Amino acid sequence: MTTSQTSQPLPPKYLQEDDLSEECEKLLSILPKEKGWIGSYIYNYQGIWTSPRVIQAVIACQQQFQAQDSDIILVTNPKSGTTWLKSLLFSLVNRMKHPIFEQNHPLLVKNPHDLIPFLELRLYLDGQVPNFSSFSSPRLLSSHLPYASLPKSVQDSRTKLVYLCRNPRDTFISMWHYSNSLRLHHLDTNSIEEMLDLFCKGVSLHGPFWNHVLDYWKESVEKPHKVLFLMYEEIKEQPKIQIKRLAEFLECPFSMEEENCGVVDEILRMCSFENLSNLEVNVNGKLSTGVENKMFFRKGEVGDWKNYFTIEMSEKLNHVIEQKFQGSGLRFLYN
Ligand code: A3P
């Protein structure tokens, strides 16, 4: 092995393309595939575009995960602000056990992804049966899976789902940056135009983006007690109102006393981009999946797409957005 080979960091576990089960290899050989955002290829399994190792984990998760009525699962399209909402959710739900003013609050020493793990990207990734005994109740979990692909017990139980959506233009830009930073070392950087073409065709990480959003939107309208639909831009604009909505949905509303003592403000401060992105753990730490924590903090702004999109790109994506969301009642904020 040469020196340059030994110094190359290993890709995150969920992107490693070797060591797949024979069953998974067989399945991959018949699945539709496209150029990968991060790895060599991305495959379509049950309507979701994702990487081989994740497909293996999705199957295990669907077969094994038993939801409990008290579970809370955060679902997002990748790069919609998952890290942020994980931090808000964790501090909100655990505020009795971990008062937000506490000196050694878990968010000060752990990345939000370590506090609320992904089912398919973490817990079921290694082919082991996850050990849930260390989880306190309610269990806080997360997923990028579309509604129809969630394990059946999630749909059949009283498990609550919190869905976070971000406008597609910023989601795309964030995904393009993220995937280029993680892109496997033997592959070239993907151009923005090429990836926008794929995004518009629905070929994005855990995409298509539209189906993902629309399915949860529909569920949130039909089952408002089961699914809460939040928007990144609305949390940015009215953080207090949105976090109170979240607390009420989860049946742990803030008391007047908490509000007067500044608990809500402190949760928002603790979870702000400025605070989280500057913590030592998020500057120098790594997740067990191998991804550096700093990868989850780039700009954290609404409207960064304007720094990248040409008029042609805007028109192209607008056209798809209009087509896909027409009549849904969903509107995105872009500024
Ligand atoms: P940008 O790339 O636009 O900066 P995810 O957590 O789903 O991977 O999404 C990552 C996006 O959320 C990144 O967007 C990141 O900067 C942003 N983000 C991370 N923490 C945030 C926070 N506390 N507040 C607002 N945005 C945040």
Side-chain angles (χ1 to χ4, degrees), residues 12 14-15 37-38 50 54 73-92 100 105 107-108 110-118 120-122 140-145 162-182 192 195 199 204-207 209 212-213 216 230-240 242-243 246 265-279 281-283 285-287 289 291-309 332-335:
Y14 58 84
L15 293 174
W37 283 66
I38 304 175
T50 192
V54 176
I73 306 184
L74 168 65
V75 188
T76 55
N77 252 310
K79 310 325 286 176
S80 298
T82 323
T83 318
W84 185 21
L85 206 64
K86 281 187 179 184
S87 65
L88 290 169
L89 194 57
F90 182 88
S91 34
L92 169 74
I100 195 69
H105 191 280
L107 274 170
L108 295 171
K110 286 193 173 176
N111 178 272
H113 292 288
D114 274 333
L115 297 170
I116 306 187
F118 278 108
E120 73 283 0
L121 295 181
R122 166 87 168 269
L140 298 180
L141 300 161
S142 68
S143 176
H144 285 320
L145 287 176
V162 176
Y163 188 77
L164 177 67
C165 170
R166 186 181 193 186
N167 86 59
R169 298 181 198 160
D170 281 330
T171 305
F172 166 74
I173 289 297
S174 187
M175 195 178 286
W176 178 67
H177 276 288
Y178 178 79
S179 55
N180 275 340
S181 331
L182 277 185
I192 193 164
M195 296 331 272
F199 190 83
S204 55
L205 306 177
H206 285 255
F209 177 90
H212 205 279
V213 172
Y216 283 100
L230 294 170
M231 286 208 168
Y232 181 96
E233 295 76 17
E234 288 181 354
I235 308 180
K236 276 271 180 192
E237 213 169 77
Q238 298 185 308
K240 256 189 170 169
Q242 297 302 322
I243 195 172
L246 176 60
D265 291 316
E266 183 56 16
I267 290 179
L268 293 173
R269 191 204 62 80
M270 167 75 93
C271 301
S272 66
F273 182 88
E274 290 65 31
N275 186 55
L276 289 185
S277 62
N278 286 309
L279 294 173
V281 61
N282 294 324
V283 174
K286 258 189 186 185
L287 298 181
T289 48
V291 185
E292 291 177 286
N293 294 340
K294 64 178 178 215
M295 299 285 297
F296 297 101
F297 305 93
R298 193 181 61 91
K299 281 192 175 174
E301 288 171 4
V302 178
D304 189 39
W305 63 273
K306 290 182 203 151
N307 297 317
Y308 297 89
F309 273 54
F332 297 104
L333 298 170
Y334 296 108
N335 294 302

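Indexing begins at 1, ligand by ligand and atom by atom, following the structure's order. Everything quoted here is computed from the prediction, not taken from an experiment. Along the sequence shown, residues carry numbers from 1.
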field: Nearest-0.5 Å distance that lies between atom CG in Leu230 and atom CG in Leu74
entry: 9.0 Å
- prompt: Are Arg169 and Tyr334 in a cation-pi setup, meaning NZ or CZ lies under 6.0 angstrom from the ring centre and within 45 degrees of the ring axis?
  reply: yes
query: Hey, are Lys236 and Glu233 close enough for a salt bridge, meaning a charged N less than 4.0 Å from a carboxylate O?
result: no
message: Quick check against the 3.5 Å criterion: does Asp170 have a side-chain atom that pairs as donor or acceptor with the backbone of Asp304?
response: yes
- prompt: Given Tyr178, Phe296, Trp305, which one has a non-hydrogen atom that is nearest to atom 18 (N) of ligand 1?
  reply: Phe296
- prompt: Relative to ligand 1, is Ser272 under 4.0 angstrom through side chain, backbone, both or neither, heavy atoms considered?
  reply: backbone
Ligand 1 contact on Arg166 by region, counting heavy-atom pairs under 4.0 Å: side chain
- prompt: Centroid-to-centroid, Tyr178 to Trp37, below 6.0 Å?
  reply: no
message: When you measure from the side chain of Glu120 to the backbone of Ser143, do you find a donor-acceptor pair of N or O atoms at a distance under 3.5 Å?
response: no
message: Just to be sure I'm reading this right: ignoring hydrogens, which of Tyr232, Phe297, Phe273, Trp84 gets closest to atom 26 (N) of ligand 1? Compare them by their nearest heavy atoms.
response: Tyr232
task: Check Phe199 against Ser204 and note the closest heavy-atom contact, atom names and distance.
output: CD1-CB, 3.5 Å
message: Does only the side chain of Ser277 get under 4.0 Å from ligand 1, or the backbone, or both, or neither? Count heavy atoms.
response: neither
field: Selection from Thr82, Leu164, Thr76 by shortest heavy-atom distance to atom 7 (O) of ligand 1
entry: Thr82
message: Between ligand 1 and His177, can you find any atom pair, the residue atom being a heavy atom, that is separated by under 4.0 Å?
response: no
- request: Taking the six-membered ring of Phe118 (Phe, Tyr or Trp), confirm whether the NZ or CZ of Lys86 is under 6.0 Å from its centre and within 45° of its axis.
  value: yes
- line: Counting from 1 in the order shown, the ligand 1 atoms closer than 4.0 Å to a non-hydrogen atom of Lys299 are 4 (O), 16 (O)
message: One residue to check: Ser174. Relative to ligand 1, which of side chain, backbone, both or neither has a non-hydrogen atom less than 4.0 Å away?
response: both
task: Would you mind running through ligand 1 and noting each atom that sits below 4.0 Å from a heavy atom of Gly81?
output: 5 (P), 6 (O), 7 (O), 9 (O), 12 (O)
query: To which protein heavy atom is atom 8 (O) of ligand 1 closest, and what is the distance rounded to 0.1 Å?
result: Lys79 NZ, 2.7 Å
query: What residue and atom, counting heavy atoms only, is the protein's closest point to atom 6 (O) of ligand 1, and at what distance?
result: Thr83 OG1, 2.5 Å
Among Cys271, Gly303, Gly300, closest by any non-hydrogen atom to atom 17 (C) of ligand 1: Gly300
- request: Spell out, as yes or no, whether a donor-acceptor pair under 3.5 Å connects the side chain of Ser87 to the backbone of Trp84.
  value: yes
- prompt: Any idea which protein heavy atom is nearest atom 16 (O) of ligand 1, and the distance to it?
  reply: Arg298 N, 2.9 Å
